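Remember, it's 1-based here, ligands and their atoms both numbered in the order they're listed. Since we're looking at a predicted model, the values are computed, not measured. The figures that follow rest on heavy atoms only: side chains count, while hydrogens, waters and symmetry mates do not.
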Amino acid sequence: MEYQLCPSILSADFNRLGEQIKIMEREGVKWLHIDVMDGDFVPSISFGMPVIRSIRKESDMFFDVHLMVSAPERYIQDFVDCGADSITVHAEACEDLERAIELIHDAGVKAGVSIKPATPVNDISHLLEDVDMVLVMTVQPGFGGQKYIEDCTEKIRELRELIEEDDLDVDIQVDGGINEDTLETVIRAGANLLVAGSYVFKGDLASNVRKINEKMRRIAETVQ
Ligand code: DX5
Ligand code: ZN
């Protein structure tokens, strides 16, 4: 299984975004988590296509776009055009989730489906053969810096079991409240793509990335 730290640029210093992306690339970060919020599906508004298009010019990282947007089907092609390598939509935001996943794949990128903390795994388990990744939100989507919701650990476990039972090639991503303490919990439960905002950007970026990557690899070795 491939383990990756996916820094969420929502916590970046936007005045130095390009520079911070370069630092992460130098430290070997492969995935960049890009949180798009519309002020409707979630209360806050973040950024959209122009920002992604502009960082795409300077970066070869895998752009993992998390759409916290109502009816995201409307924007799939736009996000592919501005540089997304993967698009994740929320199960709660799509009228026809199967169709949304199909549209993402037809546009030529990887497809993820995300569930909020209160949404059961059962709501999306029938789609596991159709997606590349399931994103388990471990806080309420909308803001960085929140506390990990413990009840979500069981959902990660349940998903990992379902994926292994059917021998599927599906990544489990977690997002929200990942830090020094919760990192181990989520890896042990079965997550392999770890989104982190404040944990990565608070303090010295380069040394945080190095420290987190090292810790992630150490724990991952003991669960494989
Ligand atoms: C929350 C976003 C997250 C957020 C994570 O809605 O999807 O990606 O940036 O931030 P931390 O790691 O600080 O909880
Ligand atoms: Zn996110």
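For ligand 1, the atoms sitting less than 4.0 Å from at least one non-hydrogen atom of His66 are 7 (O), numbered in the order shown with element in parentheses. Taking a cut-off of under 4.0 Å to the non-hydrogen atoms of Leu10, the atoms of ligand 1 that pass are 9 (O). Each of the atoms 8 (O) of ligand 1 lies under 4.0 Å from some heavy atom of His33. Here is the list of ligand 1 atoms found below 4.0 Å of a heavy atom in Gly176: 14 (O). Close approach of ligand 1 to Ala196 is summarised as follows: ligand atoms under 4.0 Å from at least one heavy atom of the residue are 12 (O). Remark: ligand 1 atoms within the under-4.0 Å shell around heavy atoms of Gly145 are 10 (O), 11 (P), 13 (O), 14 (O).
Here's the thing with Val195: none of its N/O atoms is less than 3.5 angstrom from an N/O atom of ligand 1. Ligand 1 has an N or O atom lying under 3.5 Å from an N or O atom of Gly177, backbone or side chain. Inclusion of Ile178 in the set of residues having an N or O under 3.5 Å from an N or O of ligand 1 is not warranted. Between Ser8 and ligand 1, at least one pair of N/O atoms sits closer than 3.5 Å. Considering backbone and side-chain atoms alike, Tyr199 places every N or O at 3.5 Å or more from each N or O of ligand 1. On a distance-only criterion, Met137 and ligand 1 share no N/O pair closer than 3.5 Å.
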- Query: Do Glu27 and Asn208 pass the side-chain hydrogen bond (donor to acceptor under 3.5 Å, both in side chains) test, and can you show the C-alpha distance, the side-chain angles, and the key distance before you say yes or no?
  - Reply: CA-CA 10 Å; Glu27 294 302 329; Asn208 287 347; over 6 Å; no
- Message: With side-chain hydrogen bond (donor to acceptor under 3.5 Å, both in side chains) as the criterion, how do Asp130 and His105 come out once you've worked through the C-alpha distance, each side chain's angles and the decisive distance to 0.1 Å?
- Response: CA-CA 9 Å; Asp130 305 321; His105 279 147; over 6 Å; no
- Using the side-chain contact (heavy atoms from CB on, under 4.5 Å) rule, take Ile178 and Leu183 through it: C-alpha gap first, then chi angles, then the decisive distance, then the call. CA-CA 6 Å; Ile178 303 305; Leu183 185 81; 3.9 Å; yes
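Ligand 1 is approached by Phe143 to a heavy-atom distance shorter than 4.0 Å.
A heavy-atom distance below 4.5 Å is not found between the side chains of Lys215 and Ile212. Two residues are said to be in side-chain contact when any heavy atoms from C-beta on lie closer than 4.5 Å; Phe143 and Met37 fail this criterion. In this structure, Leu205 and Met24 have side chains that are in contact, with non-hydrogen atoms separated by less than 4.5 Å. The side-chain heavy atoms of Asp35 and His33, taken from C-beta on, include a pair separated by under 4.5 Å. Put simply, the side chain of Thr222 does not reach to within 4.5 Å of the side chain of Arg218, judged on heavy atoms.
Here Phe79 and Phe63 keep their ring centres 6.0 angstrom or further from each other.
Checking each of Thr185, Thr153, Thr182 against Tyr148 for a side chain to side chain donor-acceptor pair (under 3.5 Å) leaves exactly one that passes, namely Thr153.
Atom 12 (O) of ligand 1 has as its closest protein heavy atom Gly197 N, 2.7 Å. The protein atom (non-hydrogen) at minimum distance from atom 6 (O) of ligand 1 is Gly142 N, 2.7 Å. Protein heavy atom nearest atom 13 (O) of ligand 1, with residue, atom name and distance: Ser198 OG, 2.4 Å. Scanning the protein heavy atoms around atom 7 (O) of ligand 1, the nearest turns out to be Asp175 OD2, 2.8 Å. With respect to atom 2 (C) of ligand 1, the closest heavy atom belonging to the protein is Asp35 OD2, 3.5 Å. Gly144 CA, 3.5 Å is the protein heavy atom nearest to atom 10 (O) of ligand 1.
Taking the ring centre of Phe62 as origin, the terminal cationic atom of Lys110 falls outside the region bounded by 6.0 Å and 45° from the ring axis.
In this structure, a donor-acceptor pair under 3.5 Å is absent between the side chains of Asn122 and Glu158.
How far CD1 of Ile55 is from CD1 of Ile34: 4.5 Å, rounded to the nearest 0.5 Å. Between atom CG of residue Leu5 and atom CD of residue Glu214 there is a gap of 13.0 Å, rounded to the nearest 0.5 Å.
The number of heavy-atom neighbours closer than 6.0 Å to NZ of Lys30, taken from other residues, nucleotides and ligands shown, is 12 or below.
Around the Zn ion (ligand 2), the protein contributes the following N, O or S atoms at distances under 2.8 Å: His33 NE2, Asp35 OD1, His66 ND1, Asp175 OD2.
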